[in-house]
Amino acid sequence: MPDDIKTDRRTAILDAAEAQFAQRGYDGVNLRAIARDAGVDVALASYHFGKKEDLFDAVLLRRADVLNHLRLTALTDAMSKASPAAPSVEAIVRAYLGPLLRGPHVSEPGWKHYYALIAYVNNSSEWGGKVMTQFFDPLIRRFIDALRMSLAPVDEKSLFWAYHCFSGALTLTFAQTGRIDQLSRGLCRSDDLDDAYEHVVQFITAGFEALKTDRAV
C-alpha cells in the first residue's frame, strides 16, 4: 500500500476517533464505531493503533505536539525580548494562550473536537492526572518557571494554586458549552475564542499579579 494512502487512512482514523472521544468520552466509544466513521475495517484501526487506549493517546499526542511547539516558541521569544530581565506576567500569559485561542485553526472542526476532548480529560479524575501530566506537564513547568522569575519572590503554594485557577478557566473556555451565551443573553459567545483570548489574558494576568500585592501587604 502506498505511503500516502496509509497516511490518509491513519488520519481518517485519528479524525474519527477525535470526534467520537470528544462527543462521547472514552468509555462511550469503541474501535468498531471509530472504524466505521473513518471508512475503514476495524482490523486496520487495530493494526495502526493497537488498543483503544493507545488510539486515545495517539489522538491527544497529535495536536499536543503542535501546541507545545507553538507555545514553547512563543515563550522563548518573550524571554528573549525581555532578557536579561524576566518577561512580564502578561507576556508569559500571552505566550501560553495565544497559540491556543488565536489563529485560523481554532475554528476548524478537528481543533474544536480536540479542545472539547482536552476539557473532558482535564476534568476527569480517571484521565486528568495521567494524561495531562504525560502530554503537557514538561512544557507547563517551563511556563511556571517563567512566572516564578517574573513574580520573584513568590510563595510556591500560591503560585501553583494560581496556575490551577488558570487551568480551570482555560478548560471551561475550551469546552465551549454555550453557558456564557445564555448568561450574557448573546453578548458573549463561547465559540468566539479570539474574543475570549483578551478577556482571559487580562483576568489571569491580574490573578497572578495579585500574588505581588499579597506579598506587599
Side-chain angles (χ1 to χ4, degrees), residues 3-42 44-46 48-71 73-74 96-124 127-128 131-132 134-136 139 167-184 186-201:
D3 288 343
D4 57 341
I5 295 178
K6 290 181 181 178
T7 300
D8 288 346
R9 289 181 175 178
R10 282 177 59 88
T11 299
I13 295 166
L14 287 169
D15 289 345
E18 185 175 62
Q20 290 218 21
F21 285 134
Q23 293 164 7
R24 299 180 176 87
Y26 180 83
D27 292 326
V29 174
N30 60 57
L31 284 177
R32 188 170 300 279
I34 291 169
R36 183 182 64 245
D37 282 2
V40 302
D41 190 272
V42 67
L44 188 63
S46 298
H48 281 302
F49 297 102
K51 300 179 297 183
K52 183 173 75 168
E53 183 174 350
D54 296 329
L55 176 56
F56 188 65
D57 285 347
V59 167
L60 290 167
L61 179 61
R62 176 173 60 157
R63 299 192 199 272
D65 279 347
V66 174
L67 291 176
N68 287 342
H69 172 73
L70 291 173
R71 288 191 292 171
T73 299
Y96 189 105
L97 287 175
L100 299 175
L101 301 182
R102 305 191 81 180
H105 67 284
V106 300
S107 62
E108 295 172 5
W111 281 96
K112 287 188 174 184
H113 292 149
Y114 186 74
Y115 285 167
L117 180 57
I118 291 298
Y120 159 76
V121 167
N122 207 25
N123 276 314
S124 167
W127 295 105
V131 171
M132 299 305 286
Q134 178 181 354
F135 294 112
F136 295 106
L139 179 68
S167 179
L170 184 57
T171 296
L172 186 58
T173 302
F174 275 168
Q176 299 181 51
T177 63
R179 167 63 174 153
I180 195 171
D181 308 53
Q182 298 297 324
L183 192 62
S184 69
L187 182 63
C188 306
R189 294 199 344 262
S190 64
D191 64 352
D192 189 349
L193 298 186
D194 191 59
D195 186 43
Y197 170 72
E198 286 297 336
H199 294 282
V200 176
V201 164

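Remember, predicted model here, so these are calculated numbers, not experimental data.
Of the residues Thr177, Asp195, Asp181, the one that meets the side chain to side chain donor-acceptor pair (under 3.5 Å) test with Ser190 is Asp181. Paired with Val59 under the rule side-chain contact (heavy atoms from CB on, under 4.5 Å), one option of Leu14, Ile13, Asp54, Ile34 passes, and it is Leu14.
A side-chain donor-acceptor contact under 3.5 Å links Tyr114 to the backbone of Ala64. Checking side-chain atoms of Tyr26 against main-chain N and O of Glu53 turns up a donor-acceptor pair under 3.5 Å.
Lys52 and Val29 make their closest contact through NZ-O, 2.8 Å (heavy atoms, listed as atom of the first residue, atom of the second, distance). Minimum heavy-atom separation, Ala12 to Ala38: O-CB, 3.5 Å. Counting all heavy atoms, side chain and backbone alike, Leu100 lies closest to Arg71 at CD1-NH1, 3.9 Å. Residues Phe135 and Asp57 share a closest heavy-atom pair of CZ-O, 3.5 Å. Residues Phe174 and Ala119 come closest through the heavy atom pair CB-CB, 4.2 Å. A pairwise comparison of heavy atoms in Ile180 and Ser184 identifies O-OG, 2.7 Å as the closest pair.
Residues Leu31 and Phe49 fail the side-chain proximity criterion, which asks for heavy atoms closer than 4.5 Å. Side chains of Val66 and Leu70 form a contact here, defined as non-hydrogen atoms less than 4.5 Å apart. Looking at heavy atoms from C-beta onward, Leu44 lies in side-chain contact with Arg9 at the 4.5 angstrom threshold. Contact check for Asp194 versus Val106: no side-chain heavy atoms found under the 4.5 Å cut-off. Using a 4.5 Å heavy-atom threshold, the side chains of Val121 and Phe56 count as touching. With contacts defined as side-chain heavy-atom distances shorter than 4.5 Å, the pair Val200/Leu170 does not qualify.
The CZ atom of Arg63 sits 9.5 Å away from the NE2 atom of His113 when rounded to the nearest 0.5 Å. Atom-to-atom distance recorded for Glu18:CD and Leu55:CG is 10.5 Å, nearest 0.5 angstrom. Annotation: the span from Leu139 atom CG to Asp65 atom CG amounts to 11.0 Å, rounded to 0.5 Å. The distance from the CG atom of Asn122 to the CG atom of Leu172 is 11.5 Å, given to the nearest 0.5 Å. Rounding to the nearest 0.5 Å places OG1 of Thr171 at 14.0 Å from OH of Tyr120. Taken from CG in Asp15 to CZ in Arg10, the straight-line distance is 12.0 Å, to the nearest 0.5 Å.
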- Task: Evaluate the criterion side chain to side chain contact (heavy atoms under 4.5 Å, CB included) for residue pair Leu193 and Gln176; output intermediate values, then yes/no.
- Result: CA-CA 9 Å; Leu193 298 186; Gln176 299 181 51; 3.8 Å; yes

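Heavy-atom neighbours of Glu198 CD from other residues, nucleotides or ligands within 6.0 Å: above the threshold of 12.
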